[in-house]
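Quantities reported herein were computed from a predicted structural model and do not represent experimental measurements.
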Amino acid sequence: MTNRLCFLLLVMICHSVWVWAMPVGALKEHAITLPGTPKYPADFKHFDYVNPNAPKGGEFSESVQGNFNNLNPYSINGDHAAMSSLLYDKLMHFSIDEPYSAYGLIAESVERARDSSWVIFNLRQNARFHDGKPVTARDVAFSYNILTSKGDLIYKVNFTGVESVEILSPYRILFRFKAPGNRKLPFLLASLPVLPEHYWSAGNKDFSKTTLDIPVGSGPYRMKTVKPGREIVYTRDPDYWGKDLPVNHGRFNFDQLRFEYINLSIAELDALKSGASNFLTEMVARTWHTAYDIPAVRQGDIIKERIRVKSNIGMNAFMFNTRRPPLDNRKVREALILLFDFEWINKHLMFGEYTRNDSYFVNTDMAARGLPSSAEIKLLKPYFGQLASEVLTKEYQPPKTDGSGNNRKNIAKAIELLKAEGWELDQGKMIHQKTGQPMELKILNQIPQMGPSLNSYKKSLDQAGVQLTIQTLDTHQIVHHTQKLDYDLINWGFGHAMSPGKEMLDGFGCETRDEVTSRNRSGICDPVIDSLINKTEQAQTREELVTIIRALDRVLLWGHYGIPKWYIASIRIAHRRELKHPGVQDLYGMDIHSWWYETDKK
C-alpha cells in the first residue's frame, strides 16, 4: 500500500509540474507590435499602402549588377540570386507603415506570455508548399534549427534568447526563452522564414553549400528561368495558398518578375531606355541630373520620381578593420577621418544631393543629438571608466571643410594626431617612429561609381604621407577578401529596424568580431556596446528604447570605427509609365510588391 501511495503521489507531482510548465493565461492575438497596439484590427481587409483593386498581370523587370551562383537565399555561401527569398513565406508579415508590427501569414495567431518568457505560433492549416505538402510545426522547428546552425549568422544572433522549441501539435509550436522580459524576441521569431523539411532532408542536401537546383518554396512566386550570369525569372503562382490573406491583398500583382544581370551601371539606364527593363533605382547623383534629359522622359514614357524615406537609414561609411594595426588605434582612426573632404565631394561630384552621416540611426528620433540627456548619463554611469571622454562631454559631428578643396586645416590636425601616436612625416611619407614602417592602407570597393570620391580621399591622404590602394572588385572578389579579413577599409552600410534590438550584435558585437560571415566588418568589440545592445531586450517603453539607442549611438560614433559617408532621405527611381503604384508615402519608402502593370487604356 505504501508503494502504491508513493507511486500515486509521484504521478500527482509530475502532473502538477507539467501543468505548471505549460503556457497558460495568454490571449490569442492576430498581430504583435512593439510598443503599443497594432494599427490594423483583426478584421482588416488590406494595408493602407496598397491598391486593393490593383489588376494582376504584366511584368516587372530590372537590371542588376554582378552575378549569382546560389538559389538558397539563407546559405552563408555564394552570391544569392536576386529576390530569391520571395520563394518562402514567413511566420508573420511586417507592415511598412508602422515602426514595428507583424500580422499573421503562415501563423494565423500568436500567444505571448505576459512576462515575455515564451511565445506560441498557431499555424494556418491551409498553408502549403509549392509541391502541395502542408506547412506544419515540424517545418517551423526544422527551419529554426537549420538556420541557427547552418544559415546566415544573423539568425544565430537573433535567436540566442531561445531556450527550447516544442511542437505542441501539428499546427502549434512553442518557443521558450532563457529569461523573461525579452519583448523583442517574439518579433524576431515572427520573421522566421519557413522551409520545407521534407525537401532539405531528402537526398543528403547540404544546406550550407551553393546550389542551382530550384528549391521548393511556399511564397507567391516560383522560379521559372535560371541563367547564372544572365537572368533569373519568377512567375506568380496562381494557386498560391495565401493570395487572399489581408496581408497579401493588393500585393504581388505582376505575373512575372525578371532580373537581368549586367556589368556596368550605365547599361542599367540603357536597358530602361530601350525597354529591355521597366524599373531602375538610380544610385548615382550625376547620372540622375545629367543622363535623363531624353525624349522618353520628356514625353512621359519614362517617369522620374523621388520616394521619400521616413525610416532608419542607418550608417554608410568606409569602415576601418580594427583587427589590424595601425587601425586598432582610435586616435589614428580619428586622424584618417579628418582627411576625408565630404563637402568638396558633395559639391563637385554629387550635385549637393547628400547629407553627411552623423549617426548610426540617421533619419530617426534615435539619433544622438546635443549632449547626453540625464537619462542617458544615468544609463552610462556604470561605464564611465570605459568610455571615451567625448561621449559625455561633446556632441559628435564629422569634421567639416569649406568645400573649396583646400583641406589644409584638417590635414594639419590629422598629422598632429598621428605624431602623438608615434608617427612622423618624413620625406612625404608617414613613418612609424619605432618600426620604421610607412602607413599603407588598402580599401575594398564594390561600387565603381565610388571611384571619384575615393580618388579625392586618396589625394588628401597623399598630402599627409599616407598611401592608399583602391581595389574596386566585383561581388565575388569582395566576398573572397572579406572572408579572409583582407582589407584595411571597406565600403559598408548598416541598416536597422525602427525598433532595433539584439540583432545589432551581428554588426557591433564581440561575439561576431572574427566571424567572417557577420556584418561586423570593422571588428568592433567593446563590452559597453555589447551591454547596451543587450539592454534593448528589457526596454518596456519606446522612451526607454530611444534612450538606450542614443547612448549606443554616442559610443559607436566616438569609437571612430569608420569614415562617415552620406545619405539621402529619398529613393530616386525611374520606370516605364506602364508601372503604377498607390502613391502612398509609407514609413519605409515603398513596397515594390504593391505596384502593378497597367497599359494605357487608349
Please report whether the ring centroid of [Y] lies less than 6.0 Å from that of [X].
X: Phe318; Y: Trp492; result: no
X: Tyr100; Y: Phe94; result: yes
X: Phe494; Y: Phe508; result: yes

Checklist entry - Between Phe60 and Trp595, is a ring-ring contact (aromatic ring centres under 6.0 Å, His included) present by the stated rule, with each step listed? => result CA-CA 9 Å; Phe60 173 91; Trp595 288 44; 7.5 Å; no
In plain terms, say whether [X] and [Y] are close enough for a salt bridge, that is, a side-chain N and a carboxylate O under 4.0 Å apart.
X: Asp358; Y: Arg369; value: yes
X: Glu416; Y: Lys413; value: no
X: Glu537; Y: Arg183; value: no
X: Arg519; Y: Asp152; value: yes

Do [X] and [Y] have side-chain atoms, one donor and one acceptor, less than 3.5 Å apart?
X: Glu544; Y: Thr547; value: no
X: Ser531; Y: Tyr383; value: yes
X: Gln471; Y: Tyr487; value: no
X: Ser499; Y: Arg542; value: yes
X: Ser277; Y: Ser61; value: no
X: His432; Y: Glu424; value: no
X: Asp486; Y: His481; value: yes
X: Lys565; Y: Asn491; value: yes
X: Glu515; Y: Thr512; value: no
X: Ser359; Y: Asp553; value: yes
X: Thr393; Y: Glu390; value: no

Checklist outcome for this item: The single option from Thr401, Asp402, Asn407, Asn406 that satisfies side chain to side chain donor-acceptor pair (under 3.5 Å) with Ser404 is Asp402
Item to check | More than 12 heavy atoms of other groups within 6.0 Å of Lys442 NZ | outcome: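 Counting neighbours around NZ of Lys442, more than 12 heavy atoms of other residues, nucleotides or ligands fall under 6.0 Å, so yes.
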Checklist entry - Given His289 and Glu353, is the side-chain contact (heavy atoms from CB on, under 4.5 Å) satisfied, shown in steps? => result CA-CA 10 Å; His289 283 272; Glu353 284 256 320; 2.7 Å; yes
Next on the checklist: Using the rule given for side-chain hydrogen bond (donor to acceptor under 3.5 Å, both in side chains), can you reason through Lys502 versus Thr160, listing the C-alpha separation, both sets of side-chain angles and the distance that settles it, and then say yes or no?
Outcome noted: CA-CA 9 Å; Lys502 198 168 183 178; Thr160 52; 3.0 Å; yes
Checklist entry - Could you walk me through whether Phe320 and Tyr561 pass the ring-ring contact (aromatic ring centres under 6.0 Å, His included) check? => result CA-CA 6 Å; Phe320 296 114; Tyr561 294 111; 9.1 Å; no
Checklist entry - Where do Glu343 and Lys400 land on the salt bridge (charged side-chain N to carboxylate O under 4.0 Å, His left out) test, with the steps shown first? => result CA-CA 7 Å; Glu343 283 71 23; Lys400 294 181 179 180; over 6 Å; no
